[in-house]
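One structure is given below, encoded as structure tokens.
None of these values were measured; they are calculated from a predicted model. The chains referred to below are lettered A, B, ... by the order of the sequence lines, with proteins before strands, and numbering in each begins at 1.
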There are 2 protein chains.
Amino acid sequence: MLAEHRQTMSQAECIHKLSGVHDALYVLSGKWKLPIVIALHEGPKRFGELQRAIGDITPKLLSKELKELEMNEFVKRQVYTSTPVLIEYELTDYGSSLDGIIQELCAWGIQHRARIQSR
Amino acid sequence: MLAEHRQTMSQAECIHKLSGVHDALYVLSGKWKLPIVIALHEGPKRFGELQRAIGDITPKLLSKELKELEMNEFVKRQVYTSTPVLIEYELTDYGSSLDGIIQELCAWGIQHRARIQSR
DNA sequence: GATAGTAGTATCCCAAAGGATACCGGTATC
DNA sequence: GATACCGGTATCCTTTGGGATACTACTATC
């Protein structure tokens, strides 16, 4: 293979990766989206439970992030019309498709912290 | 296993994941860090080459992000004392350890785009 | 000697992200 | 009837991330 072709191929691959990563980061933007998804991984949670599980998130932000997660079909808002009304947020199957990303980030982050601390 | 214990375990797991993901996202913060790492994946690049490869990044931002990537040992700044001086940025082995994360983000991003467009 | 490229730095500015605080209507409890 | 929880909303304010633009010192080329 000619150098010229290799160059073209790796450039194409680079652009391909750039766009994929960009799209993924776009829907995961914001400080709290992944924390919310991780917290919901344990099971459905109510608004207040989520707030306590994550810690330090204000209701305004939690509400906003949940709406965006709902729009992207990562999270389902379940309303149980009992009295009083019970509202639960639960991870959808599509939300669970983020597991690979979360696993990689988590594993890398943990080894990185260990690496930093051992210096 | 008692429900109580399951709950405790999954909470611990949740906190564990939260901290790992947090640490990873912390060093990858900023709009251009992953794009730079991806661009350098093809091979070493000079400042101007990087700027052109990424597109739309201003020299100020590129300089800042490169410094942070260098501090985290993702990127090595090579100075060749020829005349004129040649400066190249190259990915370190540790920088390559981000490949798993990039792969996951890229693959997920691409399937997500396909999913969106097919609706 | 003008022009262009290389590798950045300096300054200014703006929009967006996010935090603090207060509030709302409803229900249940004391 | 006061208080407290639930599920949020509204308003204000600060921070910071990042873009635009200009500039520098050096070298090479026309």
Side-chain angles (χ1 to χ4, degrees), chain A residues 18 21-40 42-72 74-91, chain B residues 18 21-40 42-72 74-91:
Chain A
L18 281 171
V21 169
H22 178 270
D23 290 352
L25 292 182
Y26 180 74
V27 295
L28 297 176
S29 71
K31 191 174 174 182
W32 302 105
K33 291 217 179 57
L34 281 178
I36 291 171
V37 169
I38 293 169
L40 288 180
E42 294 180 34
K45 281 198 169 49
R46 305 168 64 173
F47 194 89
E49 287 178 305
L50 259 177
Q51 207 178 336
R52 270 169 257 124
I54 292 172
D56 282 348
I57 188 173
T58 61
K60 173 185 134 186
L61 265 295
L62 181 55
S63 171
K64 182 191 142 220
E65 299 281 52
L66 281 172
K67 274 175 189 155
E68 294 179 21
L69 290 171
E70 225 189 314
M71 276 182 14
N72 285 315
F74 296 149
V75 163
K76 180 87 198 301
R77 184 177 185 266
Q78 285 286 1
V79 181
Y80 298 101
T81 56
S82 50
T83 148
V85 176
L86 172 65
I87 295 167
E88 277 190 343
Y89 294 91
E90 62 171 303
L91 212 56
Chain B
L18 280 171
V21 169
H22 178 270
D23 291 351
L25 291 181
Y26 180 73
V27 296
L28 298 177
S29 70
K31 189 175 176 182
W32 301 106
K33 291 218 180 56
L34 283 178
I36 292 171
V37 169
I38 292 169
L40 289 180
E42 293 181 33
K45 280 198 170 50
R46 303 168 65 175
F47 195 89
E49 287 179 305
L50 260 177
Q51 208 178 336
R52 270 170 258 126
I54 292 173
D56 283 347
I57 187 172
T58 61
K60 173 185 131 187
L61 264 295
L62 180 53
S63 171
K64 182 192 140 219
E65 300 280 52
L66 280 172
K67 275 175 189 155
E68 294 179 21
L69 289 172
E70 226 189 313
M71 278 182 12
N72 285 315
F74 295 149
V75 163
K76 180 86 198 301
R77 185 178 185 264
Q78 284 287 359
V79 181
Y80 298 100
T81 56
S82 51
T83 144
V85 176
L86 173 65
I87 295 167
E88 277 190 346
Y89 293 92
E90 61 172 304
L91 211 57

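A salt bridge (charged side-chain N to carboxylate O under 4.0 Å, His left out) check over residues 23-40 of chain A, counting only residues at least two apart or in different chains, returns the pairs Asp23(A)-Arg113(B), Lys33(A)-Glu65(A), Lys33(A)-Glu68(A).
Atom CZ in Phe47(A) sits about 19 Å away from atom P in dG26(C), given to the nearest Å. For the pair Leu61(A) CG and dA22(C) P, the interatomic distance rounds to 18 Å; values are reported in whole Å. One atom, CG of Asp56(A), and another, P of dT21(C), lie 13 Å apart when rounded to the nearest Å. The CG atom of Leu66(A) sits 8 Å away from the P atom of dG8(D) (whole-angstrom rounding). Look at CG on Leu62(A): it is 13 Å from C1' on dC6(D), rounded to the nearest Å. Rounded to whole Å, atom P of dG18(D) lies 12 Å from atom CG of Leu25(A). When rounded to the nearest whole Å, the span between CD of Glu65(B) and P of dG8(C) equals 15 Å. The CD1 atom of Ile57(A) sits 13 Å away from the P atom of dT9(D) (whole-angstrom rounding).
Proximity note for Lys67(A) (side chain, C-beta onward) versus dG19(C), dA7(C), dT9(D): the nearest is dT9(D). Each of dG8(C), dG19(D), dA7(C) was ranked by its minimum atom distance to the side chain of Arg77(B); first place goes to dG8(C). The listed nucleotides are dG19(D), dA22(D), dA20(C); the one nearest the side chain of Pro59(B) is dA22(D). Side-chain proximity of Tyr89(B) to dA28(C), dG19(C), dG8(C): nearest is dG8(C). When distances run from any side-chain atom of Thr83(B) to the nucleotides dG7(D), dT27(D), dG19(D), the shortest one goes to dT27(D).
Put simply, the side chain of Leu50(A) reaches to within 4.5 Å of the side chain of Leu66(A), judged on heavy atoms. Contact check for Pro59(B) versus Gln51(B): side-chain heavy atoms found under the 4.5 Å cut-off. The shortest side-chain heavy-atom distance between Glu90(A) and Leu40(A) does not fall under the 4.5 Å cut-off. Counting only heavy atoms from C-beta outward, the side chains of Val27(A) and Phe74(A) approach each other to under 4.5 Å.
Taking the nucleotide of DNA chain C with the nearest heavy atom to each of Lys60(A) and Lys64(B), the more 5' of the two is matched to Lys64(B).
Residue Arg52(B) has a polar side-chain atom (N or O) positioned under 4.0 Å from OP1 or OP2 of dT6(C). Between Arg46(A) and the phosphate of dC6(D), there is no side-chain N or O to OP1/OP2 separation shorter than 4.0 Å. In this model, the phosphate group of dT9(D) is approached by a side-chain N or O of Ser63(A) to a distance below 4.0 Å at OP1 or OP2.
Counting only distance, with no hydrogens or angles, the side chain of Lys45(A) and the backbone of Ala39(A) share a donor-acceptor pair below 3.5 Å. Looking only at distances, a side-chain donor or acceptor of Glu49(B) sits under 3.5 Å from a matching main-chain atom of Arg46(B).
Residues Leu62(B) and Phe47(B) come closest through the heavy atom pair CD2-O, 3.6 Å.
In the helix from dG1(C)-dC30(D) to dC30(C)-dG1(D), the terminal helix axes, each the rotation mapping four pairs' C1' atoms onto the next four within five end pairs, subtend 10°, rounded to 10°.
Among the atoms of the strands shown, only primed sugar atoms or phosphate atoms (P, OP1, OP2) are found under 4.0 Å from some heavy atom of Pro84(A).
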